[in-house]
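What follows is one structure encoded as structure tokens, with my remarks underneath.
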2 protein chains.
Amino acid sequence: MPAEPSSVNLEEWFDRLEDSGYRLTKPLRVVAEVMAKNSYCTLSPTEVYDLGREHYPKLGLVTVYRTLEKLEEVGVIQRVHQAGGCNSYIAAPSGHQHLLICRNCGRVEYFQGIDLTDLVSRVEAKSYYSIQDHWLQLIGLYKSCQ
Amino acid sequence: MPAEPSSVNLEEWFDRLEDSGYRLTKPLRVVAEVMAKNSYCTLSPTEVYDLGREHYPKLGLVTVYRTLEKLEEVGVIQRVHQAGGCNSYIAAPSGHQHLLICRNCGRVEYFQGIDLTDLVSRVEAKSYYSIQDHWLQLIGLYKSCQ
DNA sequence: CGTACAATGAAAACGATTTTCAGTTTCTGT
DNA sequence: ACAGAAACTGAAAATCGTTTTCATTGTACG
Ligand SMILES: [Mn+2]
Ligand SMILES: [Mn+2]
Ligand SMILES: [Zn+2]
Ligand SMILES: [Zn+2]
């Protein structure tokens, strides 16, 4: 059921960005590439900046922020919330999946097979809310960190 | 199943703080009181500061930060993560419960009756992680916000 | 090509949080 | 009740991550 983060199709990312009217610039390509190549772990804007400059030293931190925003907007990456902070991102899986994060090394897996729709609508029926979304994350220790 | 946030026993909070070696000062009491009296909604440090100064004008913002840290450490409040930001807190319910938050007005309910232990251990069995914790939050619209 | 405009990077501004520090308050032991 | 030690406080300053501004550059499109 748990799966390695599906390897990313960078061309598809670029298509989505173009479809949303964004231009495919060098800095954008570099940032996207960094996120795509590190789809198994979370990265903060600064970490993306450092990795990006290895390939493209001119890259500016401001552009990293702006590009992460775009990538999140078109849905190819997502923000990850952790006890230590909520400013890192990871490649989003296709479809709706949940995160399993290692508290120690930050390694990430996605898992499927937990379907909450029944449980959620049961709660909805008994509350005064219309539930639009849910957010489930598992936290633990990866094999080599136990 | 959904329930009004259980009304808070402030004395119990103070006991817990004392047990952890913290001193019961005036500013701490004021901050705790603000969190206890607003157990149905989330508050940012600045909001706590403003509410606190209504009762105790000398209160400093730095002390609010320090006190929220203590309250979280002893487990009587918890940080709430939302799309708009992750810097607000709310009184924690007794025992393990999950949050149901209104996207519009910020109103909060807790709900019980969703037991994930089975689902979670099923995922654990098929992953390389030992799962220590989970984090489930429902997001929607409260009655009067729909 | 040439033009229109989105996107860039550097610097400055900004807001939230943390650190520093000198003075105050709380608790403990007498 | 009292003295002393240590925790705690508020104001100011420092710091950190993020956003805004702006002059310049690069991309898409005809
Ligand atoms: Mn789900
Ligand atoms: Mn649970
Ligand atoms: Zn968060
Ligand atoms: Zn509402």
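This one's a predicted model, so the numbers in the text were calculated from it and none came from an experiment.
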When you measure from every atom of DNA chain D, which of residues 70-83 of chain A have a heavy atom less than 4.0 Å away?
none
Where at least one partner belongs to residues 89-102 of chain A, residue pairs that pass salt bridge (charged side-chain N to carboxylate O under 4.0 Å, His left out), sequence neighbours excluded:
none
Are the side chains of Glu109(B) and Tyr128(A) in contact, using a 4.5 Å heavy-atom criterion?
yes
Among residues at least two apart in sequence or on other chains, which ones pass side-chain contact (heavy atoms from CB on, under 4.5 Å) with Glu11(B)?
Asn9(B), Phe14(B)
For residues 131-146 of chain A, which residue pairs qualify under salt bridge (charged side-chain N to carboxylate O under 4.0 Å, His left out), counting only residues two or more places apart or in two chains?
Asp133(A)-Arg103(B)
Rounded to whole angstroms, how far apart are CD on Glu47(B) and P on dA16(C)?
11 Å
Among all residues two or more places apart in sequence or in another chain, which pass the side-chain contact (heavy atoms from CB on, under 4.5 Å) test with Glu33(B)?
Leu10(B), Lys37(B)
Rounded to whole angstroms, how far apart are OH on Tyr89(A) and C1' on dG17(D)?
12 Å
Once side-chain contact (heavy atoms from CB on, under 4.5 Å) is applied, do any residues pair with Asn87(B), and if so which ones, sequence neighbours excluded?
Ser44(B)
Donor-acceptor pair, side chain of Ser20(A) and main chain of Tyr22(A), under 3.5 angstrom:
no
Suppose the criterion is ring pair (Phe, Tyr, Trp, His ring centres under 6.0 Å): which pairs have a residue in residues 44-83 of chain A, not counting sequence neighbours?
His81(A)-Trp135(A), His81(A)-His81(B)
Contact list for residues 39-60 of chain B, test salt bridge (charged side-chain N to carboxylate O under 4.0 Å, His left out), sequence neighbours left out
Asp50(B)-Arg53(B)
Taking side-chain contact (heavy atoms from CB on, under 4.5 Å) as the test, write out the residues that go with Val76(A), two or more places apart.
Trp13(A), Arg16(A), Leu71(A), Val74(A)
Figure out the OH/P separation between Tyr49(A) and dT18(D), and round it to whole Å.
14 Å
Filter on salt bridge (charged side-chain N to carboxylate O under 4.0 Å, His left out), then keep only pairs touching residues 70-82 of chain B, sequence neighbours left out; what's left?
none
Extract from the structure each pairing of a protein N or O with an N or O of nucleotides 25-28 of chain D at less than 3.5 Å, listing the distance.
residue, atom, partner, partner atom, Å
dG26(D), N2, Arg23(A), NH1, 2.6
dT27(D), O2, Arg23(A), NH1, 2.6
dA28(D), OP1, Leu24(A), N, 3.2

Applying a 4.0 Å non-hydrogen cut-off, can you work out what Tyr56(B) is touching in the nucleic acid: base, sugar-phosphate, or nothing?
sugar-phosphate
May I have the distance from Phe14(B) (atom CZ) to dC27(C) (atom C1'), rounded to whole angstrom?
17 Å
Separation of dC27(C) P from Leu28(B) CG (nearest whole Å)
10 Å
Report each atom pair, protein N/O against N/O of nucleotides 19-23 of chain D, whose distance is under 3.5 angstrom.
none

